[in-house]
Amino acid sequence: MAKTIIHTDNAPAAIGAYSQAVKAGNTVYLSGQIPLDPATMTVVEGGFAAETHQVFKNLKAVVEAAGGTLDQIVKLNAYLTDLGNFATFNEIMGQYFTQPFPARAAIGVASLPKGVQVEADAVLVLGE
């Protein structure tokens, strides 16, 4: 099966040996997004809530570049450096998705790139 690389300038450029997303068939695997402003490649300021909003904006940009919408995400993985922020993450996620919500995992981690507090990756399934 052929794979197609998805890229958009509306999300942060990859900061390593990976692509923003890879499409195989009608499934798109989105790499983890951290709260970088795509224009400046710097971490957004404003604390955990601002970081979480930026993560979802970045995911949305990649999803749209793949020809989809956030509501076509079937699985989301969230990585938090402090699980005490889970309720805030959950509330903000609810602003970007409608029911039925995707499957999700929330994972507490010791640290994330660039010292951010949150990262998320996802699997998107495009319409048939």
Side-chain angles (χ1 to χ4, degrees):
M1 175 179 296
K3 66 180 180 180
T4 303
I5 303 304
I6 307 297
H7 173 80
T8 178
D9 291 335
N10 294 325
I15 55 174
Y18 63 92
S19 300
Q20 290 173 330
V22 176
K23 180 181 176 191
N26 67 339
T27 303
V28 181
Y29 301 90
L30 291 93
S31 292
Q33 287 292 327
I34 62 174
L36 293 178
D37 177 323
T40 64
M41 291 297 290
T42 59
V43 177
V44 297
E45 296 181 3
F48 182 80
E51 288 190 21
T52 302
H53 279 290
Q54 190 63 49
V55 164
F56 283 116
K57 290 174 188 174
N58 292 344
L59 281 174
K60 183 175 187 263
V62 178
V63 164
E64 289 175 349
T69 68
L70 288 176
D71 285 331
Q72 291 171 293
I73 287 178
V74 297
K75 178 70 164 87
L76 183 88
N77 294 316
Y79 307 92
L80 306 153
T81 58
D82 180 355
L83 287 175
N85 287 322
F86 178 73
T88 301
F89 180 88
N90 200 47
E91 178 185 331
I92 293 169
M93 181 177 167
Q95 296 172 28
Y96 290 88
F97 292 85
T98 58
Q99 292 187 18
F101 299 118
R104 180 184 68 195
I107 302 135
V109 297
S111 64
L112 289 166
K114 298 195 175 279
V116 302
Q117 301 176 74
V118 60
E119 179 174 359
D121 65 22
V123 177
L124 169 75
V125 177
L126 300 172
E128 314 237 349

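The figures here come from the full heavy-atom set of this structure, side chains too, leaving out hydrogens, waters and symmetry mates.
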With a 4.5 Å cut-off on side-chain heavy atoms, are [Y] and [X] touching?
X     : Y      : result
Val22 : Ile5   : yes
Gln72 : Val125 : no
Ile6  : Gln20  : no

- To the nearest 0.5 Å, atom CG of Asn85 lies from atom OG1 of Thr52 at 7.0 Å

- Message: I need the Leu76 CG to Asp121 CG distance, nearest 0.5 Å.
- Response: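 Leu76 CG to Asp121 CG: 7.0 Å, rounded to 0.5 Å.
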
- Item | Residue pair Asn90, Arg104: steps toward the side chain to side chain contact (heavy atoms under 4.5 Å, CB included) verdict | CA-CA 10 Å; Asn90 200 47; Arg104 180 184 68 195; 2.8 Å; yes

- Query: Under the side-chain hydrogen bond (donor to acceptor under 3.5 Å, both in side chains) rule, what pairs show up with a residue in residues 27-41, not counting sequence neighbours?
  - Reply: Thr40-Thr42

- Message: Going by side-chain hydrogen bond (donor to acceptor under 3.5 Å, both in side chains), name the pairs with one or both residues in residues 108-120, residues two or more places apart or in two chains.
- Response: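 Qualifying pairs, neighbours excluded: Glu51-Gln117.
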
- Message: For a side chain to side chain contact (heavy atoms under 4.5 Å, CB included) check, start with the C-alpha distance between Val118 and Tyr79, then their side-chain angles and the critical distance, and finish with the verdict.
- Response: CA-CA 6 Å; Val118 60; Tyr79 307 92; over 6 Å; no

- If every non-hydrogen atom of Thr81 is compared with every non-hydrogen atom of Ala110, which pair is closest and at what distance? CG2-O, 4.4 Å

- Item | Nearest heavy-atom neighbours spanning Asp9 and His7 | OD1-NE2, 3.0 Å

- Verify, without hydrogens or angle tests, whether Asp71 (side chain) and Thr98 (backbone) share a donor-acceptor contact under 3.5 angstrom. yes

- Donor-acceptor pair, side chain of Asn10 and main chain of Pro38, under 3.5 angstrom: no

- With sequence neighbours excluded, tell me which residues meet ring-ring contact (aromatic ring centres under 6.0 Å, His included) with Phe101.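 Checked Phe101 against ring-ring contact (aromatic ring centres under 6.0 Å, His included); zero matches.
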
- Which word best sums up how the rings of Tyr96 and Phe56 line up, parallel for under 30°, tilted for 30 to 60°, or perpendicular for over 60°? parallel

